[in-house]
Amino acid sequence: MPLAHNLSWLDLGVFSVYIGGLLLFGLIDRHRQLKAREHFLAGQSASWPRIGFALYASTISATSLVGLTGAAYSHGISVFNYEWMAAIVLTIFCAFVLPTYIKSQVFTVPEFLELRYGRFVRTSVSGLSVVLGVFLDAAGGLFAGSILFQILVPDWPLWQVCALLAILAGGFLIAGGLRAVLMVEGVQGVVMVIVASGIAFFTFRAVGGGDVIAGWSHTLKAIDPTHLKLIMPADDKDMPWTGLLTGVPLIGFYFWCTNQIMVQRVLAAKSLDHGRWGSLMGGALKLTNLFLVILPGAAALLLFPALPQPDRVFSHMVFEVMPHGLIGLIVAACLISILANLSGIYNSTSTLLTMDFIRKLKPDMTDVQLVRTGQIITVILMAISVLWTPQIIHFQDTLWKYLQAVLCYFVPPIAAVFIAGLFIKRVNRAGAAAGLVAGTITSVILFVDAFAFHILPLHFLVAAIVIFAVAFIALLAGSLTAPAPDPATVSHLMFAKDVWKAETAHLKTVKWYQNYRFLSVALLLLTGAIVIWFA
């Protein structure tokens with residue numbers, strides 16, 4: 001399919017104006033933003049609407065749009081279980097985790113873990129971040145971008161499109177484009193939400209022959225009922241109910257409670273209340289993905305019933321359903337999303353490797369040597385991610401399933417260490433080291449078996465809880481081999497019952513709609529209603 005057939009001159013004009021305008025706005029805003037940096041670090045100032053939208057916008061990317069629509073097209077709306085679980089996890093985050101972060105006065109999750117357990121845990125988390133950055137985030141972003149843009153250059157194999165995107169992202173990073181884009185990420189987030197809303201509108205409109213309401217009704221009637229169910233049987237290969245009760249909340253806890261990208265947005269709140277309100281708002285907004293992204297992906301079955309690769313459905317929805325002009329906006333927004341995400345991933349992973357590992361081995365390196373080393377590592381990471389990306393389709397049949405599977409195999413040990421450190425005073429450095437080692441070994445064994453030998457019939461969502469249990473038991477056992485930590489040292493790093501009691505007294509003095517506990521119950525009831533509706 002030639003390029004001119006997909007993008008009209010109007011699309012190309014919108015594409016150029018959007019990218020040019022976004023970068024120009026970022027450059028104009030650069031001086032003011034850099035001046036504001038000191039204020040941002042000196043004290044938190046974000047209000048709850050900004051936090052709530054930032055949490056939601058951070059999860060709406062080209063990778064999410066390609067992954068969620070592909071999974072819905074292939075497996076049905078059960079993929080929404082990952083989304084509504086965020087509302088449950090965020091209520092837990094508001095009640096137990098966020099108050100502890102604020103009480104400990106830390107700014108990063110690795111810093112929190114280092115204070116609680118020591119340097120080894122922080123280094124382990126850094127190592128895991130590098131692995132996930134290359135094989136999960138970078139590879140997932142390249143795959144999503146390649147699937148989207150390969151329709152423009154159909155004669156190019158997947159790896160060549162991946163290589164082009166990686167080179168563009170590297171050039172973006174070197175030229176300083178990432179800084180400009182980060183300064184206007186709020187604009188990009190708004191546009192991505194508009195993109196998702198527009199795709200939902202025009203998809204249902206196409207299904208209904210020009211009538212959105214008719215398209216919605218026809219979708220619910222014409223699609224196989226099992227494709228519109230959230231709760232699936234235990235032998236379901238994509239979302240068994242056993243995995244919904246175990247692996248989904250576990251990786252949700254990791255993502256929302258220990259992922260620095262998410263946590264840092266809440267730690268920027270002007271107060272604990274604003275952090276909680278914003279978190280609950282983010283959880284509520286996640287529920288809209290069922291209607292904006294997932295159900296349109298399922299409805300695409302009626303428009304494109306025989307796609308050989310499910311992840312390509314998003315490309316077809318963009319280029320065959322959307323009107324010209326909006327196509328150019330979507331392509332531009334997705335390209336910026338992919339390049340900004342890739343640039344950030346390459347930058348953060350190379351920084352971790354350079355500063356947390358190489359500098360430890362060679363402490364006498366000069367700043368110039370460190371910078372050059374970081375640049376070399378960035379190129380190596382780009383090459384690795386490009387080589388790995390085409391392998392994704394050999395591990396899982398959809399991008400979203402691959403992303404969740406990798407998380408299930410590798411993040412449970414971190415979740416075990418974090419949860420134990422938050423609630424159990426007796427756990428210590430020795431226990432944390434034992435838990436991480438035992439959990440990681442189990443992760444590797446189950447991962448290799450799942451994709452090579454198939455000896456153990458464990459769904460990846462169920463494997464997550466097995467890995468978590470091994471890590472947690474090893475952590476408790478290992479802690480008994482060394483003295484308990486000094487209570488005075490760790491008390492401010494743990495959730496305390498007296499804080500809960502003090503909050504209870506305080507909340508009696510505020511209006512009901514400002515009480516995060518009432519708001520949490522309301523969010524849980526709304527979530528339950530949606531789940532029951534599609535159960």
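By convention here, the first residue in the shown sequence is residue 1.
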Exercise for review: Begin with the C-alpha distance, continue with both residues' side-chain angles, and end with the deciding distance and a verdict on side chain to side chain contact (heavy atoms under 4.5 Å, CB included) for Asp236 and His75.
Suggested key: CA-CA 10 Å; Asp236 185 75; His75 310 314; over 6 Å; no
Review point. Hey, mind stepping through Asn259 and Val109 against side chain to side chain contact (heavy atoms under 4.5 Å, CB included) and telling me if it holds?
Key: CA-CA 7 Å; Asn259 181 351; Val109 174; over 6 Å; no
Practice item. Check the pair Val195 / Leu65 against side chain to side chain contact (heavy atoms under 4.5 Å, CB included), numbers first and verdict last. Key: CA-CA 10 Å; Val195 164; Leu65 294 176; 4.2 Å; yes
Practice item. Check the pair Tyr82 / Trp400 against side chain to side chain contact (heavy atoms under 4.5 Å, CB included), numbers first and verdict last. Key: CA-CA 10 Å; Tyr82 293 108; Trp400 194 256; 3.4 Å; yes
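Across all their heavy atoms, Leu399 and Asp311 have their closest contact at N-OD2, 2.7 Å. Nearest heavy-atom pair, Cys334 versus Leu148, reported as atom, atom and distance to 0.1 Å: CB-CD2, 3.4 Å. When all heavy atoms are compared, the tightest approach of Cys408 to Leu461 is SG-CD2, 3.5 Å. When all heavy atoms of Phe534 and Ile77 are compared, the closest pair comes out as CD2-CD1, 3.6 Å. Between Ile338 and Gly145, the closest heavy-atom pair is CD1-CA, 3.2 Å. Annotation for Leu98 and Gly275: closest pair CD2-C, 3.8 Å, computed over non-hydrogen atoms.
Formation of a donor-acceptor pair under 3.5 Å by the Tyr73 side chain with backbone atoms of Phe304 is found in this model. Looking only at distances, a side-chain donor or acceptor of Asp449 sits under 3.5 Å from a matching main-chain atom of Leu456. Not a single donor-acceptor pair under 3.5 Å links the side chain of His227 to the backbone N or O of Ala299. Under the 3.5 Å distance criterion, the side-chain polar atoms of Thr91 are matched with a main-chain donor or acceptor of Ile88. Between the Ser343 side chain and the Ala169 main chain, a donor and an acceptor come within less than 3.5 Å of each other. Using modelled atom types, no side-chain atom of Ser217 and backbone atom of Ala214 make a donor-acceptor pair closer than 3.5 Å.
A centroid separation of 6.0 Å or more is found between the aromatic rings of Trp512 and Phe518. Ring centroids of Phe447 and Phe410 are separated by less than 6.0 Å, placing the two rings close together.
By the 4.5 Å heavy-atom criterion applied to side chains, Pro310 and Asp397 are not counted as neighbours. Within the 4.5 Å cutoff, side-chain heavy atoms of Ile199 are placed close to those of Met322. Here the side chains of Val97 and Phe418 are in contact, with some heavy-atom distance below 4.5 Å. A 4.5 Å side-chain heavy-atom check between Trp277 and Gln514 finds at least one atom pair inside the cut-off. Residues Thr242 and His459 are not in side-chain contact: their nearest non-hydrogen atoms beyond the backbone lie 4.5 Å or more apart. Looking at Val193 and Tyr56, their side chains come closer than 4.5 Å, going by heavy atoms from C-beta outward. Contact annotation: the side chain of Ile530 approaches that of Leu290 to within less than 4.5 Å [non-hydrogen atoms, C-beta and beyond]. A heavy-atom distance below 4.5 Å is not found between the side chains of Tyr254 and Phe468.
For Trp84 and Asn81, the side-chain atoms include at least one donor-acceptor pair closer than 3.5 Å. Ser271 and Asp273 are not linked by any side-chain donor-acceptor pair at a separation below 3.5 angstrom, with hydrogens and angles left out of the test.
Among Leu132, Thr258, Leu250, the single residue meeting the side-chain contact (heavy atoms from CB on, under 4.5 Å) criterion with Val411 is Leu132. Phe395 pairs with exactly one of Phe460, Tyr409, Trp388 by the ring-ring contact (aromatic ring centres under 6.0 Å, His included) rule, that one being Trp388. A side-chain contact (heavy atoms from CB on, under 4.5 Å) with Phe80 is found for exactly one of Val293, Leu295, Leu287, namely Leu287.
How far CG of Leu230 is from CH2 of Trp241: 16.0 Å, rounded to the nearest 0.5 Å. Taken to the nearest 0.5 Å, the CD1 atom of Ile330 stands 13.5 Å off from the CG atom of Leu335. Remark: Leu68 CG to Thr59 OG1 distance equals 8.5 Å, nearest 0.5 Å. Here the straight-line distance linking atom CG of Leu292 with atom NZ of Lys286 works out to 11.5 Å at 0.5 Å rounding. Distance check, rounded to the nearest 0.5 Å: OG1 of Thr288 to CD of Glu83 gives 9.0 Å. One finds the CH2 atom of Trp159 at 11.0 Å from the CG atom of Leu164 (value rounded to the nearest 0.5 Å).
Counting heavy-atom neighbours within 6.0 Å of Lys237 NZ, excluding the residue itself, gives a total above 12.
The aromatic rings of Phe291 and Trp533 sit tilted relative to each other, their planes meeting at an angle between 30° and 60°.
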